[in-house]
There are 2 protein chains.
Amino acid sequence: MQEAVEIISEKGLNALTMSTLSAKVGVTEGALYRHFSSKNELIMDILNDIFLETTSQISEVNSRKQPNVAKLQKIMENQLFLFKQRPAIANLLFAEEYFLTNHDIKILIYSIINTIQLYIQEIFENGKNNGEFKQNLNPRHISLMFLGTIRMLVMNWKLSDYQWDLPAQGKVFYHSFLEIIEEKNFNQ
Amino acid sequence: MQEAVEIISEKGLNALTMSTLSAKVGVTEGALYRHFSSKNELIMDILNDIFLETTSQISEVNSRKQPNVAKLQKIMENQLFLFKQRPAIANLLFAEEYFLTNHDIKILIYSIINTIQLYIQEIFENGKNNGEFKQNLNPRHISLMFLGTIRMLVMNWKLSDYQWDLPAQGKVFYHSFLEIIEEKNFNQ
DNA sequence: CTTTTGTAAGTAAATATTCACATACATGCA
DNA sequence: TGCATGTATGTGAATATTTACTTACAAAAG
């Protein structure tokens, strides 16, 4: 699974075939089928790992005793750092198109993104009740905008051939984002 | 090219092969090569059409004598309507992952998205100078957020199997978006 | 009679998956 | 300790299918 993630990170989803994977691992293709009943199962196992890793990271941040503004920043930071370290994660999470014909994988990606979105929505709800964020925010909408911004950032990053630092740019964007959603009169 | 777009709309990018296309058009595969030297050329020709169509639509809106708030709404409306009518356009524009290994196509997609982004950035700049939008907006950042929101919306729509109306939801989102960027004291 | 457009039948390479067979290793039993 | 047995893991070769693309030849059209 690690080697598969590496292939995707380096050469994209299309490059992940049972042949290239077996070559990279150093076994024959048949050996792979001792551990995964199909290529789809392999991909779904990887996605499940990403699911666990991402959600545990987010829920850890979520449980902290911090302002919601700080939580949000930390989540964005973590996520972009993850993408920087292992671009395959972004490749997989942003590849609905690729798995259009594969129902199970599509559903899995959907539930991952959905779960993340709900976590973030919760932060916006709390921050709104808190008085940290403006009262006219729609938590659901703003959480989707937040994720959309991250996605757009990652897309630009990929299309630029990873020429600039993703987490650093993320920070800049986060401040722009905060600028428009934060309640200025808020005092801790 | 029309038939190709239809295949992508109905069954996704993976379903577009020279074989399926020739069957749909009603000719042999060889005949396709009388008109397109390669599959990549076919895709790039389609992308170029989308480029022209989209940018001409946007620049038409841009040239109107309207508040920038209205321009922005019209552009979002047009774009989502386009995606609704021909989902292939969204499939193609949001498939960087798919074309990761194909440099020319990647560049083309990049330049399309970039051009659109710049158009929108201009609207934000004008609206800011105008007093329509808040003065603390970063036009570049906010335009990417705007596009990211559209993209997220389309992604959710696709993952939901097109079960809800994209332009209608877009309208709702646009109002949420406006809520946070609009200068409330602005009078035409 | 030359150019365009088509066909029919091929190509080689790549794809995921399967098969019969081999090896390694741990466990249980004499 | 020595041997048998079962299970996990590997090999190597083959499978059928699909892929983009090509080629030799024919009709059609200006």
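Chain A is the first sequence line, chain B the second, and so forth, proteins listed ahead of strands; every chain is numbered from 1.
Judged by distance alone, the side chains of A:N126 and A:K71 never bring a donor and an acceptor atom under 3.5 Å apart. A:N91 and A:Y98 are not linked by any side-chain donor-acceptor pair at a separation below 3.5 angstrom, with hydrogens and angles left out of the test. Judged by distance alone, the side chains of A:T17 and A:T20 do bring a donor and an acceptor atom under 3.5 Å apart.
Salt bridge present: B:D161 and A:K106 bring a charged side-chain N and a carboxylate O closer than 4.0 Å. Here B:K128 does not pair with B:E125 in a salt bridge; the nearest charged N to carboxylate O distance is not below 4.0 Å. Comment: B:E6 engages B:K24 in a salt bridge, judged by a side-chain N to carboxylate O separation of less than 4.0 angstrom. The pair B:K74-B:E60 fails the salt-bridge criterion, with no side-chain N (NZ, NE, NH1 or NH2) lying under 4.0 Å from an Asp/Glu carboxylate O.
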If you restrict it to nitrogen or oxygen atoms, what contacts under 3.5 Å exist between nucleotides 15-20 of chain C and the protein, and what is each distance?
residue : atom : partner : partner atom : Å
C:dA16  : OP1  : A:K39   : NZ           : 2.8
C:dA16  : OP2  : A:M18   : N            : 3.2
C:dT17  : OP2  : A:Y33   : OH           : 2.8
C:dT17  : OP2  : A:K39   : N            : 2.9
C:dT17  : O5'  : A:Y33   : OH           : 3.4
C:dT17  : O4   : A:E29   : OE1          : 3.3

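If you walk DNA chain D from 5' to 3' and mark each nucleotide with an atom closer than 4.0 Å to a heavy atom of chain A, the marks span D:dT9 to D:dT11.
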